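Start at 1 and go down the list; that is how both ligands and their atoms are numbered. Just so you know, these numbers come straight off a predicted model, no measurement behind them.
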Amino acid sequence: MRLTWFGHSCVRLSGTKDVIVDPFIGDGIEVTADCDIIAVTHGHGDHMGDTVRLKKKTVAINEIAKYLATKGIPVEGMNIGGSIDVDGVRFTMTPAVHSSWLEEGGIGCNGGAAAGYVITMDGKKVYHAGDTALFSDMKLIGDLYRPDVALLPIGGRFTMGPDEAMIAAQYIGAPLVVPVHYNTWVKIEQDPSRFKSAIERTTDMKVAVLSPGETIDL
Ligand code: NI
Ligand code: MN
């Protein structure tokens with residue numbers, strides 16, 4: 001499996017299928033990458049992104065799934081704790097400590113709970129935490145699913161920052177950590193190299209700080 005980080009929380013996992021999580025890269029920037037399946041972690045605009053425009057088979061929590069169905073999106077609804085198989089890719093929805101809001105034309109509604117995913121494809125498991133605070137059940141996610149990679153937000157303000165994400169990485173125990181959700185805006189500016197050196201100095205985990213568009217092999 002290959003993993004490409006496009007920016008913000010947007011990654012593509014490429015293997016048997018191409019899966020994009022949270023198709024938003026930055027304000028006014030279209031996601032042009034192709035995929036078979038989209039997974040949305042929660043309703044905020046910087047995660048829903050181009051989901052409606054891209055019109056792909058989409059995995060989302062029930063409340064967002066209902067909204068997307070009204071837009072003609074072929075959607076697979078699910079909820080936290082459950083797993084589904086979509087065209088040979090397994091999606092397990094995990095908790096996230098965050099809020100969720102669906103907005104269109106200045107009018108909004110609650111988007112259900114915020115979530116993350118463990119995505120299993122071609123024998124590899126990727127944990128995308130979504131937007132979240134640190135929570136101790138990340139240990140359970142690590143014990144249950146043993147992810148090969150953990151994608152963790154480090155931007156602070158709206159999610160955990162680097163100090164909390166360091167503890168999250170240890171709770172999850174994935175051998176590889178990829179920081180996401182930082183430096184998209186001034187309000188979430190962080191230095192990912194400090195996060196990398198702090199983890200690699202104190203644990204045997206590796207941190208891959210990717211440039212937007214960069215791909216790594218898992
Ligand atoms: Ni959010
Ligand atoms: Mn966000």
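- The side-chain heavy atoms of Asp50 and Glu30, taken from C-beta on, include a pair separated by under 4.5 Å.
- When all heavy atoms of Asp131 and Ala96 are compared, the closest pair comes out as O-CB, 3.5 Å.
- The number of protein N/O/S atoms found under 2.8 Å from the Ni ion (ligand 1) is 4.
- The shortest side-chain heavy-atom distance between Val178 and Leu210 falls under the 4.5 Å cut-off.
- Closest approach of Glu214 and Val209 over heavy atoms only: OE1-O, 4.2 Å.
- Of the options His47, His128, His181, a ring-ring contact (aromatic ring centres under 6.0 Å, His included) to His42 is made by His47 and by none of the others.
- Between Phe24 and Gly49 the shortest heavy-atom distance is CB-CA, 3.9 Å.
- Using modelled atom types, one finds no donor on one side chain facing an acceptor on the other under 3.5 Å when comparing Asp22 with His8.
- Minimum heavy-atom separation, Ile64 to Ala60: CG2-CB, 3.8 Å.
- Contact between Met48 and Pro23 at its shortest, heavy atoms only, is O-CG, 3.6 Å.
- The set of protein atoms (N, O or S) found at less than 2.8 Å from the Mn ion (ligand 2) reads Asp46 OD2, His47 NE2, Asp131 OD2, His181 NE2, by chain and number.
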